[in-house]
Amino acid sequence: MDEQAAFEELLRHSLDFRRAYRAYALFAASELDLLSLIDQYNGATVDAMARETRTDPQGLGLLLDCLAASGILLKDADTYRLPARFRGLFHNSVVLSTMLADSARQFRLWVDAVGLLSPNRAAGDILHRFDQSEAWTAQYLRRVQNKNASSARSLVQKLRGAFRSAKSLIDIGGGHGGFALAALDANPDLQVTIYDLPSAIAFCRGNIHCLPDVGRISLETGDARQLSYENSFDIALLSDLLHYFTLDEKREVLRRSLRALTGGGLLVVSKFRLDSNGVHPEASSYFAFQKYLETPNAGSLETDAQCANLLIDCGAINVSVVALSDERTLVMGRRAT
């Protein structure tokens, strides 16, 4: 590759942000509450919205045209309306506006990545978001549950022998309930405890109250870093949890999770796959840095090898790393008898 071709390759990478123009326009409209205004009045003109938001009509019109070009709005002369599929989503929807604001916040973290690399940085604690709004948490966990449905089934199928012989399981940080319900389907005698922050447990309670297996589920509130069970469960499951924590916190969570097991009990960590070099898959590499940016004390996605070594450091035996899919890994170990 000659120097000019290399130069052009790097330039193309630097311009990748253009692919996110739709997101930038949506963030701006959400921050100005434009979509709520349009939803409330079933359409609004540029001049009316400019007066309401105290913005420049020319620039505002250009922004709204971007949203119309993306299909988020419909334009009729100088009036903008929401397509039928979006009507009612924005007016008085605190959850949607909060989630859009959260997406915008994540974008700004990347813009300010250099500042957040300072040892004295101040990022928000992502775990606090789960206790700010039960409505936000419910929407977030519902999306996580739907996204992880296939992984939950695959995990139980992969470990079907362990799940069928177990009598008790604790799902730590499993407030959406998806993994617990998959485990219950695999073993009619299994008792499951779901342990999570209060707003996550509130969502789970509403999610499972009418299920036939509800009598086999216990719900407990708490922070994984303060888990206090001892010698209580045959299986402990941690799914997509460790990446919120610092290295020392990961170690503490794993130590407490092992202590919650009976002798010979199985600890299962389900995580996004990240090879030992920290580079592949590409999406996991970026995800690791994203978590670093948005957690206060340098939390991040650990590599599969690091996770295995942490389990060994905490005293687990028979530690293994098993591929669940191209994107996901299981890291497992047992409590010594």
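A continuous path of hydrophobic side-chain contacts links Leu238 to Tyr229 [ILVMFWY only; heavy atoms under 4.5 Å]. Taking hydrophobic clusters as Ile, Leu, Val, Met, Phe, Trp and Tyr residues chained together by side-chain heavy-atom distances below 4.5 Å, Val319 shares a cluster with Leu261. Side-chain heavy atoms closer than 4.5 Å link hydrophobic residues (I, L, V, M, F, W, Y) into clusters, and following such links, even through other members, never connects Leu34 to Leu62. Linking ILVMFWY residues whenever their side-chain heavy atoms come closer than 4.5 Å, directly or via other members, leaves Phe272 and Val144 in distinct clusters. Follow the hydrophobic side-chain contacts under 4.5 Å out from Phe179 and you reach Ile208 in the same cluster.
To the nearest 0.5 angstrom, Arg81 atom CZ is 10.0 Å from Ile38 atom CD1. Once rounded to the nearest 0.5 Å, the distance linking CZ of Phe287 with CG of Asp240 reads 6.5 Å. Distance check, rounded to the nearest 0.5 Å: CG of Leu237 to OH of Tyr195 gives 15.0 Å. The distance from atom CG of Leu241 to atom CD of Glu249, rounded to the nearest 0.5 Å, is 10.5 Å. Taken from CG in Leu267 to CG in Leu311, the straight-line distance is 5.5 Å, to the nearest 0.5 Å. Note: Leu274 CG to His280 NE2 = 10.0 Å, rounded to the nearest 0.5 Å.
Of the possible polar contacts, one joining the Asp39 side chain to the Gly88 backbone as a donor-acceptor pair under 3.5 Å is found. A donor-acceptor pair under 3.5 Å is formed between the side chain of Arg256 and the backbone N or O of Leu227. For the pair Ser284 (side chain) and Arg273 (backbone), a donor-acceptor distance under 3.5 Å is present. Formation of a donor-acceptor pair under 3.5 Å by the Asn187 side chain with backbone atoms of Ala166 is found in this model. Between the side chain of Thr303 and the backbone N or O of Asp275, no donor-acceptor pair lies under 3.5 Å. Between the side chain of Arg87 and the backbone N or O of Leu82 there is at least one donor-acceptor pair closer than 3.5 Å. A distance-only check finds a donor-acceptor pair linking the side chain of Asp234 to the backbone of Lys167 [under 3.5 Å]. Side chain of Ser285 to backbone of Ala283: no donor-acceptor contact under 3.5 angstrom is found. Ser154 contributes no side-chain N or O that, together with a main-chain N or O of Ser151, makes up a donor-acceptor pair within less than 3.5 Å. Side chain of Lys291 to main chain of Gly299: no donor-acceptor pair is present (N/O by atom type, distance under 3.5 Å, no hydrogens or angles).
Contact check for Met49 versus Leu64: side-chain heavy atoms found under the 4.5 Å cut-off. By the 4.5 Å heavy-atom criterion applied to side chains, Leu190 and Arg216 are counted as neighbours. Contact of the Trp110 side chain with the Gln290 side chain is registered, since non-hydrogen atoms from C-beta on lie closer than 4.5 Å. Residues Asp65 and Lys75 have side chains in contact (heavy-atom distance under 4.5 Å, counting atoms from C-beta outward). Residues Phe86 and Leu73 form no side-chain contact, since every pair of their non-hydrogen atoms from C-beta on lies 4.5 Å or further apart. Taking 4.5 Å as the limit, some side-chain heavy atom of Ile172 sits within range of a side-chain heavy atom of Ser257. Here the side chains of Leu254 and Arg251 are not in contact, with every heavy-atom distance at 4.5 Å or above. In this structure, Leu32 and Leu37 have side chains that are not in contact, with every pair of non-hydrogen atoms separated by 4.5 Å or more.
Nearest approach of Glu302 to Cys307, heavy atoms of both residues: CG-CB, 3.8 Å. Considering all non-hydrogen atoms of both residues, Ala152 and Gly178 come closest at CB-O, 4.0 Å. When all heavy atoms of Leu63 and Ala28 are compared, the closest pair comes out as CD2-CB, 4.0 Å. Listed here is the closest heavy atom pair of Ile217 and Leu219: CG2-CD2, 3.8 Å. Here the closest non-hydrogen pair linking Ala183 and Leu169 is CB-CD1, 4.3 Å. Shortest non-hydrogen contact noted between Phe203 and Gln145 is CZ-OE1, 4.2 Å.
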query = Please walk me through it: do Leu159 and Ile235 pass side chain to side chain contact (heavy atoms under 4.5 Å, CB included)?
reply = CA-CA 11 Å; Leu159 304 177; Ile235 298 176; over 6 Å; no
message = Run Leu100 and Phe90 through side chain to side chain contact (heavy atoms under 4.5 Å, CB included) and show every step you take.
response = CA-CA 11 Å; Leu100 288 175; Phe90 294 95; 4.2 Å; yes
message = Using the rule given for side chain to side chain donor-acceptor pair (under 3.5 Å), can you reason through Thr79 versus Asp76, listing the C-alpha separation, both sets of side-chain angles and the distance that settles it, and then say yes or no?
response = CA-CA 5 Å; Thr79 299; Asp76 180 13; over 6 Å; no
request  = Take Asp33 and Thr53 through the test side chain to side chain contact (heavy atoms under 4.5 Å, CB included) and record every step on the way to the result.
outcome  = CA-CA 8 Å; Asp33 217 21; Thr53 59; 6.0 Å; no
ask   = side chain to side chain contact (heavy atoms under 4.5 Å, CB included) between Leu310 and Val331: does it pass, once the steps are laid out?
value = CA-CA 10 Å; Leu310 284 169; Val331 182; over 6 Å; no
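In this structure, a donor-acceptor pair under 3.5 Å is present between the side chains of Ser270 and Arg328. Side-chain contact check for Arg335 and Asn231: at least one donor-acceptor pair (N or O, by modelled atom type) lies under 3.5 Å.
Atom CD of Glu52 is surrounded by 12 or fewer heavy atoms from other residues, nucleotides or ligands within 6.0 Å. At most 12 heavy atoms of other shown residues, nucleotides or ligands fall within 6.0 angstrom of atom OH in Tyr286.
A salt bridge links Arg108 with Glu31: the closest approach of a Lys/Arg side-chain nitrogen to an acidic carboxylate oxygen falls below 4.0 angstrom. Here Glu252 pairs with Arg255 in a salt bridge; the nearest charged N to carboxylate O distance falls below 4.0 Å. Between Asp304 and Lys271 there is a salt bridge, with a side-chain nitrogen of the basic residue lying less than 4.0 Å from a carboxylate oxygen of the acidic one.
Ring geometry, Tyr24 versus Phe107: the interplanar angle falls from 30° to 60°, so the pair is classed tilted. Classification of the Phe289-Tyr292 ring pair by plane angle, with boundaries at 30° and 60°, yields parallel.
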